[in-house]
Amino acid sequence: MAARFVIKNSSDGQFIFVLKAGNNEVILTSELYAQKQGAENGIASVRANAPDDAHFDRRTSKACQPYFVLKASNGEIIGTSEMYSSTSSMKKGIASVKKNSQFTPIDDQTASQVVARA
């Protein structure tokens with residue numbers, strides 16, 4: 001399976017996207033967006049910022065597990081990685097985001113929200 005962005009509804013009706021690698025593993029998860037357009041703009045921001053290594057903030061969780069966040073030029077977090085077992089695995093995750101974010105298709109899995117009006 002090829003790498004892809006997936007936009008879907010969160011449990012509270014907001015929108016979220018993930019970047020999946022070719023092996024179907026999630027390599028980046030977005031923040032929540034109130035509007036679908038926000039998630040689409042987030043994907044565009046990943047594509048714009050992922051090529052620049054300076055936009056990856058390497059961190060360590062309270063459980064001492066390495067992970068990273070991808071930040072936009074304005075410093076806002078675009079997406080967060082999973083927790084990794086080692087720094088070298090985290091570095092491979094960053095490389096995967098750089099590689100898989102650029103020309104990857106978008107798989108829109110959002111539900112059509114039909115609002116019943118009385």
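As a basis for the values below, the full set of heavy atoms in this structure was taken, side chains included, without hydrogen atoms, waters or symmetry mates.
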So, for Phe56 and Phe68, is the gap between ring centers shorter than 6.0 Å?
->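 Between Phe56 and Phe68, the centre distance is under 6.0 Å.
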
Charged N-O contact under 4.0 Å between Arg58 and Asp53 |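 Yes, charged N to carboxylate O under 4.0 Å.
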
Any salt bridge between Lys36 and Asp108, counting N to O under 4.0 Å?
->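 Looking at Lys36 and Asp108, the cut-off is met.
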
A side-chain contact here means heavy atoms from C-beta on lying under 4.5 Å apart; do [X] and [Y] qualify?
X     : Y      : answer
Pro51 : Gln102 : yes
Glu82 : Ile27  : no
Phe5  : Ser101 : yes
Ser10 : Phe15  : no
Leu19 : Val97  : yes
Glu40 : Ile43  : no
Arg59 : Val69  : yes

Give, for atom [atom1] of [X] and atom [atom2] of [Y], the distance between the pair rounded to the nearest 0.5 Å.
X     : Y     : atom1 : atom2 : result
Ser96 : Lys98 : OG    : NZ    : 11.5 Å
Lys8  : Ile16 : NZ    : CD1   : 7.0 Å
Thr80 : Leu70 : OG1   : CG    : 9.0 Å
Lys91 : Ile94 : NZ    : CD1   : 8.5 Å
Ser86 : Lys92 : OG    : NZ    : 7.5 Å
Glu31 : Glu76 : CD    : CD    : 9.0 Å

What closest approach, in Å, do Ser45 and Ala72 show between heavy atoms, and which atom pair accounts for it?
->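 For Ser45 versus Ala72, the nearest heavy atoms are OG-CB, 3.9 Å.
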
Positive for side-chain contact (heavy atoms from CB on, under 4.5 Å) with Phe17, one of Ile78, Ile106, Thr29, Asp107 =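 It is Ile78, the one option of Ile78, Ile106, Thr29, Asp107 that forms the side-chain contact (heavy atoms from CB on, under 4.5 Å) with Phe17.
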
Just checking, is any N or O donor in the side chain of Gln14 or Asp12 under 3.5 Å from an acceptor N or O on the other one?
->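 Yes.
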
